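Reviewing the structure listed below.
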Amino acid sequence: MKPHAISIVRTLREAGYQSYFVGGCVRDLIVGREPADYDVATNATPSEVMRLFPVTFAVGAQFGVVLVPPPNGGRDDSRVVEVATFRSDVSYSDGRRPDEVRYSQDAREDVERRDFTINGLLLDPLKLGSLEDEVIDFVGGRKDIAAKIIRTIGDPELRLTEDKLRLLRAVRFAARFDYEIEPRTFAAVCRLAPVIHQVSRERVADELTKMLTEGRARRAFELLDSSGLLHEVLPEISAMKGVAQPPQYHPEGDVWTHTLKLLENLPQGCSRTLAWGALLHDVGKPPTFRVAPDRIRFDRHVDVGVKMAEEICKRLRLSNADTEQILSLIHHHMQFADMPRMKESTLKRFLRLPQFEEHLEQHRLDCLASHRDLALYEFAREKLAATPEEKMRPAPLLTGDDLIQHGYGPGPRFKEILSAVEDAQLEGRLHSKEEALAWAQAEFPV
Ligand code: ATP
Ligand code: MG
């Protein structure tokens, strides 16, 4: 990827334009992290860029962005480079995007419109020498990287007001790199937290998902909390604070403390659904908290939690597939405790839930964040390892057609009969079609 990005800079330069690496990739090269993608900034206009390269995709030409794939690569090639024309953004009246994009000849103007100093660096990859020589810094980004500080370029209030997504980006970068947010920048984030709603929910959700899956999710959520952003975007999580739990099951403390401990152990690069499941698995506890005579109880917190999570996923416009899996993770999270007493058929149905490995991992995180006893986790893993696929998901012994052939009328009863037959099969009580049919006829007379 990097050679392709360098060759783009060279092609532009040879055609007489200015061109540099810019933004996140420069920051990442300085901190010694592999950049996820390379962005090139140039004074060439989009149409000039499109003329210079044989294949380009003008996805964001109105913002001056052209995608340049590597030779023989397509638009979705992971090595595709974004080539953006230097621009200055003119006024943001909606708090989301610039009213007008004005192209510029000046690299300095281009970095000054960017969000944080660490994201405002340029790098000349054609210059031979150390990073010191290659990096061009108009905004004080190098110093802030060295001091581990997230600071807006220019006046914090103004820059965060222009595009409110930057409120969440400040938190995300601070968490991801384990930097501090500079005090004036942080004060502005806190003051502006209530206007985060001007940003589309998809963009908010996207930032939250990144915070959950990029590592250091705990720090991200602590910063969301202390800035007041959590109360705005996920009040249901905010409500976990101070909700006590029975100490015999939860020596770690309240529901918020427990949830933070799960987030702390979410691995970098974990799936979106596991991350959201871990965050939301106990979301039903605050509204179901009750001090019973024996101990604190959260009656029906799973059902309540599933309903609340459904609302949250809908509000944040998560995909239907992700939502379904997240709700499943919440719905089943208390069932690990029942495993040793489950009938064989129930146990197998549990272990064959779609993406069971996420259920298992969420359970492990849940245990590590409370009593730390992994006995049930080990039990599930052993069962899983000891049950071959054909025992877990055997081919059905009977079908609806078989039932029709033997005089059963189609209807809701079919499902009941077939499911009972499968249970008996999973428990090893039925082995053949003939056995299954005889058993069904005895148990469910026509
Ligand atoms: P990541 O590693 O998560 O991709 P990044 O810094 O590369 O982080 P991108 O969203 O890919 O972030 O954006 C690339 C660059 O564009 C940023 O480094 C920053 O300079 C600029 N940028 C992105 N989003 C904004 C924004 N909302 N406001 C101002 N500048 C932005
Ligand atoms: Mg990027």
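None of these values were measured; they are calculated from a predicted model. Residue numbers count from 1 along this sequence. Both counts, for ligands and for their atoms, begin at 1 and track the order of listing.
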So, does Arg159 sit close enough to ligand 1 that a heavy atom of it is under 4.0 Å from the ligand? no
Compute the ring centroids of Phe21 and Tyr38, then answer whether they are less than 6.0 Å apart. yes
Would you mind finding which of Glu82, Arg169, Glu162, Arg113 brings a heavy atom closest to atom 12 (O) of ligand 1? Arg169
Does any N or O in the side chain of Asp137 come within less than 3.5 Å of the main-chain N or O of Arg142, such that one atom is a donor and the other an acceptor? yes
If only atom types and distance count, is the side chain of Thr56 paired as donor or acceptor with the main-chain N or O of Phe53 below 3.5 Å? no
Establish whether atom 24 (N) of ligand 1 and some protein heavy atom are separated by less than 4.0 angstrom. yes
Could you tell me, atom by atom, which parts of ligand 1 come under 4.0 Å of a heavy atom of Gly23? 18 (O)
Is it the case that the side chains of Gln362 and His359 hold a donor-acceptor pair, with the cut-off being a distance below 3.5 Å and no angle test? no
Distance alone, cut at 3.5 Å: any donor-acceptor contact between the side chains of Thr257 and Asp254? yes
Numbering the atoms of ligand 1 from 1, which are under 4.0 Å from a heavy atom of Arg172? 3 (O)
Under 3.5 Å side-chain donor-acceptor pair for Gln325 and Glu358: yes
So, His197 and Glu232: side-chain donor and acceptor under 3.5 Å apart, yes or no? yes
Less than 3.5 Å between some nitrogen or oxygen of Asp37 and one of ligand 1, yes or no? no
What is the closest protein heavy atom to atom 3 (O) of ligand 1, and at what distance does it sit? Arg176 NH2, 2.6 Å
What residue and heavy atom of the protein are closest to atom 20 (O) of ligand 1, and at what distance? Asn119 O, 2.8 Å
For Gly120, is at least one N or O under 3.5 Å away from an N or O on ligand 1? no
Under-4.0 Å heavy-atom contact with ligand 1, by part of Phe173 that carries it: side chain
Examine the side chains of Thr273 and Asp322 and answer whether a donor and an acceptor come within less than 3.5 Å of each other. no
When distances are taken from atom 14 (C) of ligand 1, the protein heavy atom at minimum range is Asp39 OD2, 3.6 Å
Out of Arg33, Arg27, Lys164, Arg166, indicate the one that has the non-hydrogen atom closest to atom 28 (N) of ligand 1. Arg166
Mind checking whether Glu214 has an N or O less than 3.5 Å away from an N or O of ligand 1? no
Decide whether an N or O pair under 3.5 Å exists between Arg203 and ligand 1. no
Could you find the nearest protein heavy atom to atom 30 (N) of ligand 1 and give me its residue, atom name and distance? Asp115 N, 3.2 Å
Please find the N/O/S atom of Asp37 nearest to the Mg ion (ligand 2) and write down its name. OD1
Tell me, which protein residue and heavy-atom name are nearest atom 27 (N) of ligand 1, and how many Å apart are they? Asp163 OD2, 2.8 Å
So, His281 versus His301, ring centres under 6.0 angstrom or not? no
Check the side chains of Thr45 and Glu48 for a donor-acceptor pair under 3.5 angstrom, ignoring hydrogens and angles. yes
Can you tell which of Arg114, Arg97, Arg96 gets a heavy atom nearest to atom 15 (C) of ligand 1? Arg114
Would you say the ring centers of Phe350 and Phe336 fall short of 6.0 Å from each other? yes
Look at atom 18 (O) of ligand 1 and say which protein heavy atom is nearest, naming residue and atom and giving the distance to 0.1 Å. Gly24 N, 3.0 Å
Could you tell me the separation between the CD atom of Gln18 and the CG atom of Asp110, rounded to the nearest 0.5 Å? 10.5 Å
